[in-house]
Amino acid sequence: MTTLAIGLVLLVVMVLMSLSFLLGRAVRGDQSRTVVFILLGFQTLSRLDVLLPLAFYLGILLTLSRWYRDSEMTVLAACGVGLMHFMRPVMVLGLVFGALALAGAFYFTPFATRQIEQVKLVISQRSEPASIYPGVFLEAPGTGRIVYAEKIEENGNLQGIFVSSLEEGRQGVLVAKSGYPYTDPKTGDKFIALQGGTLYEGEPGEAGYRVLEYSVYSLRIVPTKIGEAPVPTAGLPTLKLLTQLADRNINAEFHWRLGKTIALFVLALYAVVLAYTDVRRGRMSNLFVAIVVYFIYSNLLSIGETLLQNGRMPAAAGLWWVHIGMALVALYFLRQRAHDRTLLSLPASVGRR
C-alpha cells in the first residue's frame, strides 16, 4: 500500500511537471494546444518503467523504517524473525513490480516514444490555418510565410491578419482586416480568403515597389504530406532491437532497458538495509542516504550506457558491472545488518588510532 501511494504521488508530480512544460510550448506556439494531452499521456506512459522501481524502493524503505521506529522489528527479532526472513516476501512482491517494469521498458516505453515522434511530425506538417494562434507570429512549415492573426473566432474566421512571404524572389506583405479558410470545390485546393486589405510588394524605395488595395485576396495553402516519423533508438521495437545488437548504440539501449528491471531488485536489497533506524536518529536520515544511493546507482548506469555507446566498454560487459558491483555492496551491507554490525566497520588498529 505504501508503494502504491508513493507511486501515485510520483505519478502526479511527473504529470504536473510535464503538463506545465507542454502548456508552455503551446502558449509560445511551438505546438498545437489540441495535442497537449495526447503528448502528456504518451510521456507518462514512457516513464512508468522508471517510476515503478523508485516507488517500490521507497515503499519498502518507508514501511520497514516505520516498523523500526514502532519497535515492531525488535519484537519480531525477539520471536526469531530476523532481517533475512523479509527477503522472501520482498522479492516475491518485487517479481510483480519487476514484471510491470519489464513490460514498460521493453514494450510501452518504445511504443510511447514512437507515438510521440509521430505526433511531433504531424504538428510540424500541419496546414497553415491549423497552426495559427491568436497573437503569435508563426512561420508556416514548408512555405517560409510568417503568419499572424490578432483574433480567431469560434467559427474559424480570422481578424487582424498579417502575412509576410517571399514570392518569386520578391518580398510581399499582406495586411487584411479579416479572413476565412475555404476549399475550392472544383480543384479541392485550400485557400485563405483575405478581406479588405493591402498588399505591399517589393523593397521600399525601389522602382518596382507597389501597393495594392484589394477587397478579397485568396492565399493558397500549400498542401503538406505526412510521412513516417523517424524512429529513434529508444523507440525501436524490442524484436528489432534484438536483431541489431552488434550496433553499439542499440546494444547500449538494450542493456539500458534491461537494467531498469534489474535495478528494481538491487534497490530492494538497499531498501531492506537502509530501513534501519532508532529513536536517536532523525526520521529523514535513512531516507536521505537512500536517495543518495539511488542517484549514485542511476548515474553509474548512465555512465555505463555512454561508455557502451562510445565503444569504451566491451559490448559483452553491458551494464552488468554496475548491477553486480551495486548488488555485492548491498549483500555485504545486508550481512552486516543481519549480524547487528555497523555497515562500514573499520579495522581495530584504525579504531585505536
Side-chain angles (χ1 to χ4, degrees), residues 19-42 115-230:
L19 181 61
S20 62
F21 174 75
L22 293 173
L23 288 177
R25 290 179 57 87
V27 170
R28 294 193 303 268
D30 295 339
Q31 66 187 27
S32 174
R33 301 175 188 177
T34 59
V35 300
V36 166
F37 291 101
I38 297 176
L39 290 175
L40 179 64
F42 285 129
Q115 295 304 312
I116 289 173
E117 294 300 322
Q118 187 65 30
V119 171
K120 289 180 179 179
L121 179 65
V122 172
I123 294 173
S124 65
Q125 297 182 350
R126 60 195 168 182
S127 61
E128 288 180 51
S131 62
I132 299 175
Y133 298 101
V136 177
F137 286 91
L138 188 70
E139 181 176 358
T143 63
R145 291 174 181 162
I146 305 297
V147 184
Y148 172 89
E150 182 179 351
K151 182 181 178 181
I152 301 179
E153 299 177 351
E154 294 183 0
N155 57 6
N157 291 347
L158 311 175
Q159 301 292 332
I161 304 170
F162 170 89
V163 180
S164 175
S165 63
L166 187 65
E167 302 289 344
E168 298 181 356
R170 292 174 61 85
Q171 185 67 37
V173 174
L174 288 162
V175 180
K177 294 181 180 179
S178 62
Y180 60 90
Y182 74 94
T183 303
D184 190 323
K186 295 182 180 179
T187 63
D189 293 339
K190 296 182 178 181
F191 296 86
I192 298 179
L194 305 179
Q195 298 175 314
T198 307
L199 167 63
Y200 303 91
E201 191 175 48
E203 295 293 335
E206 295 184 354
Y209 183 74
R210 59 177 181 169
V211 179
L212 300 177
E213 301 286 341
Y214 60 85
S215 58
V216 177
Y217 186 98
S218 294
L219 184 67
R220 186 172 182 270
I221 300 173
V222 180
T224 57
K225 296 182 180 179
I226 301 177
E228 289 292 330

Applying side chain to side chain contact (heavy atoms under 4.5 Å, CB included), name anything that partners L40, two or more places apart in sequence or on another chain. V15, S18, L19, L22, F37, T44
Output the distance between atom CD1 (I38) and atom CD (Q118), rounded to the nearest 0.5 Å. 12.0 Å
Correct closest heavy-atom pair for Q159 and K177 would be OE1-O, 3.4 Å
Who pairs with Y214 by ring-ring contact (aromatic ring centres under 6.0 Å, His included), at least two apart in sequence or on another chain? Y217
Do the non-hydrogen side-chain atoms of I161 and L174 ever get within less than 4.5 Å of each other? no
Side chain to side chain contact (heavy atoms under 4.5 Å, CB included) between E150 and F162: does it pass, once the steps are laid out? CA-CA 9 Å; E150 182 179 351; F162 170 89; over 6 Å; no
Kindly write out the residues that satisfy side-chain hydrogen bond (donor to acceptor under 3.5 Å, both in side chains) with T198, not counting sequence neighbours, or none if the list is empty. E213
